[in-house]
Number of protein chains: 2
Amino acid sequence: MTGLSDEARIARATLLRVSEAATPLVHHVRAHGVEATLADIRAGALIPGVDVAALKTRLAEADGADDLAQAARVDARLVCPGDDEWPALLDDLVRIDADCFGLWVRGPERLDDVVARSVAIVGTRTPTAYGEHVAGDLAAGLADRGWTVVSGLAYGIDGAAHRAALAAGGSTVGVLACGIDVVYPSGHRSLVSRVAEQGLVVTEYSPGAAPQRHRFLVRNRIIAALTLGTVMVEAARRSGARSTLNHARDLLRHTMVVPGPVTSAMSDGCHVALREVTGSVVVTRTDEIVEQCGHLGELADPLSGQVRPRDRLGPLVRRVFDAVPVMRAAPAERIAVTACVSTEVVEPSLAALRALGLVERLPDGWRMSRAGRDERHADARPDLALPLDWL
Amino acid sequence: MTGLSDEARIARATLLRVSEAATPLVHHVRAHGVEATLADIRAGALIPGVDVAALKTRLAEADGADDLAQAARVDARLVCPGDDEWPALLDDLVRIDADCFGLWVRGPERLDDVVARSVAIVGTRTPTAYGEHVAGDLAAGLADRGWTVVSGLAYGIDGAAHRAALAAGGSTVGVLACGIDVVYPSGHRSLVSRVAEQGLVVTEYSPGAAPQRHRFLVRNRIIAALTLGTVMVEAARRSGARSTLNHARDLLRHTMVVPGPVTSAMSDGCHVALREVTGSVVVTRTDEIVEQCGHLGELADPLSGQVRPRDRLGPLVRRVFDAVPVMRAAPAERIAVTACVSTEVVEPSLAALRALGLVERLPDGWRMSRAGRDERHADARPDLALPLDWL
């Protein structure tokens with residue numbers, strides 16, 4: 001592994017042991033770095049919002065080198081910011097002031113590769129047959145299409161998703177709320193092993209750490225951050241899955257919800273999320289998830305008939321597209337006004353539309369290309385799933 | 001009944017017989033009135049977009065007085081714009097260029113009273129047990145709370161909704177796609193009678209008119225217009241219920257959808273609608289429908305805690321509210337630009353906000369009131385169901 005020096009990695013391991021994930025310490029680490037932060041804690045310096053005395057006690061007992069050795073015994077490594085393998089996705093946690101200082105990783109794959117096209121599937125630990133079926137179905141479909149399924153290795157929906165991804169020969173990532181060498185829940189011993197063989201098991205928590213209650217909620221932000229979107233499949237009204245979905249929303253990831261019978265308490269949390277989580281969309285099959293999270297031009301399903309370029313546009317770009325004049329070119333500012341979007345949005349949108357061949361640039365502005373005009377006149381396919389508009 | 005003169009009512013009956021609902025004739029009627037329009041048709045005058053020759057043939061055979069007499073035989077009356085009983089809600093059809101020229105009405109209630117607090121429940125003619133159960137449950141709950149259930153008197157979801165409203169002793173309105181004296185579907189003979197006894201049966205179609213296929217879709221706009229919101233309960237991917245929901249959206253009514261198992265084809269249309277119909281929200285129980293459609297301060301569920309005035313605003317009004325300046329007043333046109341709404345929307349919205357005490361009018365325009373400022377700063381309650389934003 002390239003990236004950090006041994007000393008820096010040991011310091012990270014020590015920091016992880018001392019800090020507990022996502023504490024107010026993030027500001028200090030961001031401003032001063034890991035080693036200086038550890039020195040400040042050792043010196044008992046004042047760090048705003050942080051109980052330095054408590055951390056100092058923990059630091060006295062912490063030994064990053066020992067944690068690395070302990071992890072190595074289960075073939076786990078520590079992946080840190082600065083390592084090649086570190087996924088840029090995790091840096092988005094800065095956005096919610098909950099930086100990840102490093103991840104203990106077990107498994108043959110490179111973490112950044114595995115999560116490049118990944119979706120989280122989360123839900124209740126006590127699903128109905130319906131929820132288990134749908135979770136497995138979606139996970140298998142994602143695996144079939146080369147997507148990685150990320151989940152929390154818990155009983156219920158998590159387990160169904162991991163298992164189906166494995167069975168489909170796909171890659172899957174399990175995010176623990178305990179040490180990389182701790183088996184939890186105990187009934188998932190063999191599942192955890194299989195995920196570590198065919199995919200990756202990861203955690204922020206130091207070797208030996210017990211799966212304490214609060215750690216599950218803190219862990220959920222990692223599930224949201226590691227993926228392009230989170231799918232909620234069955235959740236009761238109060239469910240940890242909701243925290244994952246909220247994190248996904250805060251991290252500007254796609255938030256997707258599988259509905260169910262309104263008569264089922266296990267779908268209550270899903271329906272509440274659809275009503276409350278801004279930007280959340282209903283998904284009912286794998287194609288819709290891929291359509292949501294996939295990149296432009298990533299076709300979901302050749303069987304669903306011809307998909308028109310316009311259908312593939314994001315909501316803002318589509319608005320810009322609809323505002324481009326057919327015959328007489330208009331300047332970008334004019335199009336921004338018509339589309340009710342800011343000028344920062346209109347320029348990249350027009351560039352993207354031009355790359356797709358839908359608009360053309362003339363000396364006096366922008367107008368539809370011939371392909372764009374055809375697109376404009378083609379009726380939007382009523383049976384094609386479109387993301388709800390963002391604005 | 002006060003309102004129109006006998007001559008004017010006869011002319012309306014004649015127009016309904018001649019025009020078929022929602023033809024391009026609406027522009028001419030709006031500009032010149034009913035009697036002049038009939039005279040123009042009789043004279044074979046040119047009316048843009050209208051096949052006057054065809055209408056002239058129909059007019060030769062039409063006799064409004066005879067239609068009124070025929071309707072009277074089944075105790076039906078003709079309610080027209082200008083009558084006390086005419087619901088202002090129907091005037092919104094102008095917005096989609098599909099004015100209603102009058103409604104044949106059968107039943108003891110006043111139409112305007114009955115629909116003042118009303119919700120449409122629509123869906124497939126071939127529901128599952130789940131859909132039938134949920135439709136009945138919601139309709140009964142609405143009836144319990146004094147809301148009128150409007151539907152199309154068809155088999156399936158329509159019938160379940162009407163029946164449950166009747167059984168709960170509530171009011172219900174059936175909108176036909178045939179003449180007021182025609183029984184369709186034949187299996188609903190007794191249901192139609194009971195609705196006409198306990199609620200109202202209404203139609204645009206002249207006495208004796210057969211339930212032609214296209215009339216069902218045209219009829220659906222009346223269902224949407226008569227109500228504050230439309231709830232879709234079970235619909236296949238291609239379903240007439242979708243047209244009702246689309247009309248509701250176009251009429252700025254609340255659009256609500258009951259989800260179901262993603263494995264059920266009869267919920268497919270619902271899930272597609274949730275993805276495609278902008279502003280549509282998931283509803284799972286009566287309280288959520290009332291919360292959505294109820295007026296300011298109409299609490300759905302005392303358990304759900306404090307509801308803020310802003311939460312009660314419709315999506316467009318909320319946008320206008322958010323665009324009103326806090327300190328320096330701005331003219332309505334300026335606010336319309338900021339909110340990205342048309343001037344036709346901004347004026348009534350500001351009037352509504354003023355009636356709520358949220359904005360105030362100054363000589364140079366509009367600004368927040370003190371209550372409005374408080375509202376603006378209060379966090380939206382995360383546990384309260386908000387409609388998705390309109391755009």
Side-chain angles (χ1 to χ4, degrees), chain A residues 128-131 133-135 137-138 233-234 237-238 242 246 249 256-265 267-286 288 291-292 311 315-316 319 337-341 380-391, chain B residues 128-131 133-135 137-138 233-234 236-239 242-243 246 256-265 267-286 288 291-292 319 336-341 380-391:
Chain A
T128 68
Y130 166 72
H133 165 77
V134 175
D137 202 50
L138 296 178
V233 184
E234 279 204 330
R237 205 160 262 258
R238 302 202 155 271
R242 173 61 182 268
N246 287 349
R249 174 202 57 201
M256 296 161 281
V257 179
V258 175
V262 301
T263 46
S264 164
S267 287
D268 261 9
C270 292
H271 300 145
V272 171
L274 278 169
R275 294 167 58 83
E276 294 183 353
V277 178
T278 315
S280 63
V281 297
V282 163
V283 291
T284 64
R285 52 198 176 89
T286 309
E288 294 170 352
E291 204 161 74
Q292 197 73 29
D311 299 329
L316 278 174
R319 268 172 74 171
V337 169
T338 307
C340 274
V341 300
R381 289 181 47 225
D383 61 327
L384 189 91
L386 293 177
L388 284 175
D389 221 330
W390 186 261
L391 279 192
Chain B
T128 68
Y130 165 73
H133 166 77
V134 175
D137 202 49
L138 296 177
V233 184
E234 281 204 331
R237 205 158 261 258
R238 301 203 157 272
S239 163
R242 173 61 181 269
S243 83
N246 287 348
M256 295 161 282
V257 179
V258 175
V262 300
T263 46
S264 164
S267 287
D268 261 9
C270 291
H271 300 145
V272 171
L274 278 169
R275 294 168 59 83
E276 293 184 353
V277 178
T278 314
S280 62
V281 297
V282 163
V283 291
T284 64
R285 52 198 177 90
T286 309
E288 293 169 353
E291 201 163 77
Q292 196 74 28
R319 269 174 73 169
V337 169
T338 306
C340 272
V341 300
R381 288 182 47 226
D383 60 328
L384 189 92
L386 292 177
L388 285 175
D389 221 326
W390 187 260
L391 272 193

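So you know, we letter chains A, B, ... as the sequences are listed, proteins then strands, and number each from 1. All of these numbers come straight from a predicted model, not from anything done at the bench.
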Undergrad: Between chain A and each of B/Ser264, B/Pro261, B/Cys270, B/Gly269, count heavy-atom pairs under 4.5 Å; write down the option with the most.
TA: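 Ranked by contacts with chain A, first place is B/Pro261.
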Undergrad: Apply side chain to side chain contact (heavy atoms under 4.5 Å, CB included) to residues A/Glu288 and B/Arg275 and explain how you reach the verdict.
TA: CA-CA 10 Å; A/Glu288 294 170 352; B/Arg275 294 168 59 83; 3.7 Å; yes
Undergrad: Do you know which of A/Val258, A/Thr263, A/Val272 has the most heavy-atom pairs with chain B at a distance under 4.5 angstrom?
TA: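 Between A/Val258, A/Thr263, A/Val272, the count favours A/Thr263.
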Undergrad: Tell me, for B/Val134 versus chain A, whether the close heavy atoms (under 4.5 Å) come from the side chain, the backbone, both or neither.
TA: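 Only the side chain of B/Val134 comes within 4.5 Å of chain A.
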